[in-house]
Amino acid sequence: MSPAAIIAPSILSADFADLGNECSTKIKQGADWLHIDVMDGHFVPNITLGAPIVTSIRDHVERPSVKHGKGTFDCHMMVAEPKRWVKNFQEAGCDLFCFHYEAAINSTAAETPDGDSDLNTNPKEMIRYIHELGMLAGIAIKPETKVDVLWDILGSKNEKEVPDMVLVMTVKPGFGGQSFMPEPLTKVEELRKRYPDLNIEVDGGLGPGTIDQAAVAGANVIVAGSAVFGKPDPAAVITLLRDAVEKQRGKL
Ligand SMILES: O=C(CO)[C@H](O)[C@H](O)COP(=O)(O)O
Ligand SMILES: [Fe+2]
């Protein structure tokens, strides 16, 4: 059986003027994690938020008591130089640092806030660095990136280099509220076939109309922004998303 359903509302669609309350309310309404979209205007053509905001909302959401537990801050780092921000986000209260494969391999100037100018941004090194700082590590791929790039990383003999989660984007990263792209689900299917226990997250355009396809493919971590925030009954949407994943779990 694949891992349990994890529902992670994306705060990109929250009321930013009332963020602390928005976040704590979503947890009360049944969310497991909060998905925090960090965009730097370089890796994607949009800017959202940085570590100070994560520090502020951490005061409103209790830290998870167990690994992957309720209240996990799932930081989706759509930034050009992910290594620069690992320590910064760890100090802010991030629990899961999910960087983009495409950013890691193309990163050039990776000086960290500590002045560490080691430019090595090999994905496995990144994962080890994130783990050494006590966070869970995720690796994300854009819709056009082939899943094959992940086999070497997922097959690493060093457990510190193995990610805790893979994020398969189902929209082009950069904006909330886009239409779901079904094509990347073939990557989810292949990941699930090879790795029955892996946390596989899908992100972009997920909601009541698209969840079944993602659940059948084998995704268990579901990000939903515009389908949850600002809706009349967010708790009902969260339950619907969870039920769709749970229904498929036994079959996978
Ligand atoms: O990473 C993202 C965009 O780059 C967001 O997490 C994602 O788009 C969620 O928003 P929605 O559910 O409205 O599509
Ligand atoms: Fe995201």
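Keep in mind that what you see is a predicted model, and the values were worked out from it rather than measured.
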K.L.:
Backbone N or O of Asp74 within a donor-acceptor pair of the Thr72 side chain at under 3.5 Å?
P.N.:
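Pair absent, no side-chain N/O of Thr72 close to backbone of Asp74.
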K.L.:
Check whether Asp32 reaches the backbone of Lys70 with its side chain - one donor and one acceptor, N or O, closer than 3.5 Å.
P.N.:
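No, because the side chain of Asp32 does not come within donor-acceptor range (under 3.5 Å) of the backbone of Lys70.
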K.L.:
Taking the six-membered ring of Tyr129, is NZ or CZ of Lys160 closer than 6.0 Å to its centre and within 45° of its axis?
P.N.:
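No, Lys160 does not lie over the aromatic ring of Tyr129.
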K.L.:
Tell me whether Glu190 is salt-bridged to Lys193, with the criterion being a basic N under 4.0 Å from an acidic carboxylate O.
P.N.:
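A salt bridge is absent here (no side-chain N lies under 4.0 Å from a carboxylate O).
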K.L.:
Say whether Phe180 and Val237 are linked into one hydrophobic cluster, either directly or through other cluster members, by side-chain heavy-atom distances under 4.5 angstrom.
P.N.:
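Yes; Val237 is reachable from Phe180 via cluster members.
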K.L.:
Do Trp33 and Ile7 have side chains that approach each other closer than 4.5 Å (heavy atoms only, starting at C-beta)?
P.N.:
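No - every pair of side-chain heavy atoms lies 4.5 Å or more apart.
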K.L.:
Under a 4.5 Å side-chain heavy-atom rule over Ile, Leu, Val, Met, Phe, Trp and Tyr, are Phe229 and Val61 clustered together?
P.N.:
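Yes; tracing contacts between hydrophobic side chains, which count when under 4.5 Å, links both residues.
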K.L.:
Backbone N or O of Ala5 within a donor-acceptor pair of the Asn220 side chain at under 3.5 Å?
P.N.:
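No, because the side chain of Asn220 does not come within donor-acceptor range (under 3.5 Å) of the backbone of Ala5.
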K.L.:
Got a second to check how far Asp164's CG is from Glu201's CD, nearest 0.5 Å?
P.N.:
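Those atoms lie 12.0 Å apart.
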K.L.:
Closest approach of Leu241 and Pro208, non-hydrogen atoms and distance?
P.N.:
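For Leu241 and Pro208, the tightest heavy-atom pair comes out as CD2-N, 4.4 Å.
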K.L.:
For the atom pair CD1 (Ile105) and OG1 (Thr145), what is the distance rounded to the nearest 0.5 Å?
P.N.:
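It comes to 7.5 Å.
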K.L.:
Do Glu81 and Arg84 pass the salt bridge (charged side-chain N to carboxylate O under 4.0 Å, His left out) test, and can you show the C-alpha distance, the side-chain angles, and the key distance before you say yes or no?
P.N.:
CA-CA 6 Å; Glu81 292 164 3; Arg84 283 184 67 166; 3.3 Å; yes
K.L.:
Evaluate whether atom CD of Glu144 has more than 12 neighbouring non-hydrogen atoms of other residues, nucleotides or ligands under 6.0 angstrom away.
P.N.:
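Yes, the 6.0 Å shell around CD holds more than 12 heavy atoms from other groups.
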K.L.:
To the nearest 0.5 Å, tell me how far Ile130 CD1 sits from Lys87 NZ.
P.N.:
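Between atom CD1 of Ile130 and atom NZ of Lys87 there are 14.5 Å.
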K.L.:
Does any N or O in the side chain of Thr210 come within less than 3.5 Å of the main-chain N or O of Gly205, such that one atom is a donor and the other an acceptor?
P.N.:
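Confirmed, Thr210 side chain pairs with Gly205 backbone.
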K.L.:
With the side chain counted from C-beta on, respond yes when Ile53 and Leu19 share a heavy-atom pair under 4.5 Å apart, and no when they do not.
P.N.:
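Yes, at least one pair of side-chain atoms sits under 4.5 Å.
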K.L.:
Passes side-chain contact (heavy atoms from CB on, under 4.5 Å), Lys142 versus Phe43? Steps please.
P.N.:
CA-CA 11 Å; Lys142 291 181 183 181; Phe43 183 69; 3.4 Å; yes
K.L.:
Do Ile139 and Pro123 touch side chain to side chain, with heavy atoms closer than 4.5 Å?
P.N.:
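A side-chain contact exists here, since the closest heavy-atom pair is under 4.5 Å.
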K.L.:
Donor-acceptor pair, Ser10 side chain versus Ala224 backbone, under 3.5 Å?
P.N.:
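Looks like no, no N/O pair under 3.5 Å.
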K.L.:
Begin from the C-alpha positions of Asp152 and Lys124 and carry the test salt bridge (charged side-chain N to carboxylate O under 4.0 Å, His left out) through to its verdict.
P.N.:
CA-CA 9 Å; Asp152 174 56; Lys124 286 199 249 184; 3.2 Å; yes
K.L.:
Strictly distance-based, threshold 3.5 Å: is any side-chain N or O of Lys83 a donor or acceptor partner for the main-chain N or O of Glu125?
P.N.:
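No; judged by distance alone, with no hydrogens or angles, the pair does not exist.
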K.L.:
Could you state whether Val188 and Val245 fall into the same hydrophobic cluster, counting links through intermediate Ile, Leu, Val, Met, Phe, Trp or Tyr residues with side-chain heavy atoms under 4.5 angstrom apart?
P.N.:
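Yes, Val188 and Val245 fall within the same hydrophobic cluster.
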K.L.:
When you look at Asn158 and Arg128, which way does the side-chain contact (heavy atoms from CB on, under 4.5 Å) test go after all the steps?
P.N.:
CA-CA 9 Å; Asn158 181 344; Arg128 201 163 63 210; 4.0 Å; yes
K.L.:
What distance separates Glu102 CD from Met169 CE, expressed to the nearest 0.5 Å?
P.N.:
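Rounded to the nearest 0.5 Å, the CD-CE separation comes out at 9.5 Å.
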K.L.:
How many angstroms lie between atom CD1 of Ile153 and atom CD of Glu161, to the nearest 0.5 angstrom?
P.N.:
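That separation rounds to 10.0 Å.
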K.L.:
Within a reach of under 6.0 Å around CD of Glu246, are more than 12 heavy atoms found that belong to other residues, nucleotides or ligands?
P.N.:
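Enclosed: over 12 neighbouring heavy atoms sit under 6.0 Å from CD of Glu246.
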K.L.:
Are Gln213 and Leu185 packed together at the side-chain level, in the sense that at least one heavy-atom pair is separated by less than 4.5 angstrom?
P.N.:
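With C-beta onward as the side chain, the pair touches.
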K.L.:
Hey, does the side chain of Glu183 reach the backbone of Pro143 with a donor-acceptor pair shorter than 3.5 angstrom?
P.N.:
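No.
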K.L.:
Is there side-chain contact between Met78 and Asp40, with heavy atoms separated by less than 4.5 Å?
P.N.:
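Contact flag for Met78/Asp40 side chains = no.
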K.L.:
Tell me, do Leu240 and Arg242 make a side-chain contact under 4.5 Å, heavy atoms counted?
P.N.:
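A side-chain contact is absent here, since even the closest heavy-atom pair is not under 4.5 Å.
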K.L.:
Would you say Val202 and Val221 make side-chain contact, with heavy atoms under 4.5 Å?
P.N.:
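They are not in side-chain contact.
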K.L.:
Rounded to the nearest 0.5 Å, what separation is found between the CZ atom of Phe97 and the CD atom of Gln90?
P.N.:
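Going from CZ on Phe97 over to CD on Gln90, the span is 11.0 Å.
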K.L.:
Is there a side-chain contact between Ser2 and Pro196 (heavy atoms, below 4.5 Å)?
P.N.:
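Side chain of Ser2 against side chain of Pro196, heavy atoms only: no contact under 4.5 Å found.
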